[in-house]
Every structure is written in C-alpha cells, then in structure tokens.
Amino acid sequence: MISNKMQAEINRQINAELWSAYLYLAMSLDAESKALQGAANWFFVQWLEEQDHSRILQNYLNDRGAKVVLSPIESVPNKWKSLLDMLENALVQERKVTEMINRIYSLAYEEDDFATMSRMQWFIDEQVEEEKSVTDAINTLRDMPVYYFDQIMAERKYSQASPLKKDDDSKE
Ligand code: FEO
C-alpha cells in the first residue's frame, strides 16, 4: 500500500516532469526562431524524454492502485538571450528535479516503501545523466562557435525510456 503522502509527492513529480517537458518545448521553439535547428532538435528530444519521465510515474501509481491527479501546468518562459542562457537554465531545472527525486527517495526510505525506492532508483541514475548531458553541452558550447555546436546538437535522437520499453514488452 502506497501512503497518501507518497501519492501526493509522486503526483507533484508527475506535474514537475510535465513542466520540464513544457520548458524544453519552449526552448526548442525559441531555438527554432533563432535559426538554431540543431538546438531546436536537441530540446525537442528532451521534451519527449520528459514526457516519458512523467509517464513512468503515471504507470507506477496505476500499478500500485493509486490515483493519478493531473494538476495545471504553470507557464514557462518563452524567450532566452542565447543558447548558452537556455542551457544554463536547463541545468538549474535539472538540479531542482534531482533534489525533488532525492526527497521522494528519502520519504520512501522513511516509510519502508521498497517498491517506490526501486522505481526512484531509475530516476536517480537518470538525473546523473541529465545533469551530465547539459553540463557537457555548456562546456562544449563555451569552446566552439554556436554554428558548429548547433550541428552537433542536430545529431541527438530520441529513444524511449527503458521502463516504458519494458512495460510495452510485458504486454506482448
Ligand atoms: Fe525528468 Fe530532466 O528530468
């Protein structure tokens, strides 16, 4: 049985992941308006990945017999000074998400909720990747002209998050 407190926390995280998705969509659109097609692609892939993160948590609550409650998604900024500005803001957001994930894990530990600890472990590992990929992007951008970096960003491809792939496989 998942506690009411935990249900509320995970519902809050579902909303936070959707807010992140919305933020990255706004960055993708802003990059496109700045003729940075590669960066637009990179942020668009991130928008898809954040929706996956939310979906994993929705599936988890459903699997535990808990209720997913969708709350309004707050508005996001629509404009940034530069690509570097976008990435620096993305890093701030990823660090916030990491803190939120850590808080959920800590609550699960207090409540002896081992199933939630197990599910949140995926997110803890994912956040290491998320923070690293944005940090790497910032460092690379500082070392090369935006035009060339934009071409590198064009290469990023979307791959569905592994817990969703497993869910799909198990239904076959
Ligand atoms: Fe779902 Fe980028 O954290």
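FYI, side chains are in, hydrogens and waters are out, and symmetry mates aren't considered; it's all heavy atoms of this structure. None of these values were measured; they are calculated from a predicted model. Remember, it's 1-based here, ligands and their atoms both numbered in the order they're listed. Just so you know, residue 1 is the first one in the sequence shown, and it goes up from there.
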Classify the angle between the aromatic ring planes of His53 and Trp122 as parallel (below 30°), tilted (30 to 60°) or perpendicular (above 60°). perpendicular
Determine whether the side chains of Arg156 and Gln46 contain a donor N or O and an acceptor N or O closer than 3.5 Å.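 Yes, because at least one side-chain N or O of Arg156 sits under 3.5 Å from a partner of the opposite role on Gln46.
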Any luck finding a side-chain donor-acceptor pair between Gln127 and Thr98 under 3.5 Å?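 Yes, Thr98 and Gln127 have a side-chain donor paired with an acceptor closer than 3.5 Å.
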Could you tally the protein N/O/S atoms lying less than 2.8 Å away from atom 1 (Fe) of ligand 1?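 Near atom 1 (Fe) of ligand 1, the number of protein N, O or S atoms below 2.8 Å is 3.
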State whether a side-chain donor-acceptor pair under 3.5 Å links Asn89 with Gln93. no
Is Glu74 atom CD crowded by more than 12 heavy atoms from other residues, nucleotides or ligands, each under 6.0 Å away?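 No, the 6.0 Å shell around CD holds no more than 12 heavy atoms from other groups.
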Cluster question for you: counting only ILVMFWY and a side-chain heavy-atom cut-off of under 4.5 Å, with indirect links fine, are Val134 and Met100 together?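 Hydrophobic grouping puts Val134 apart from Met100.
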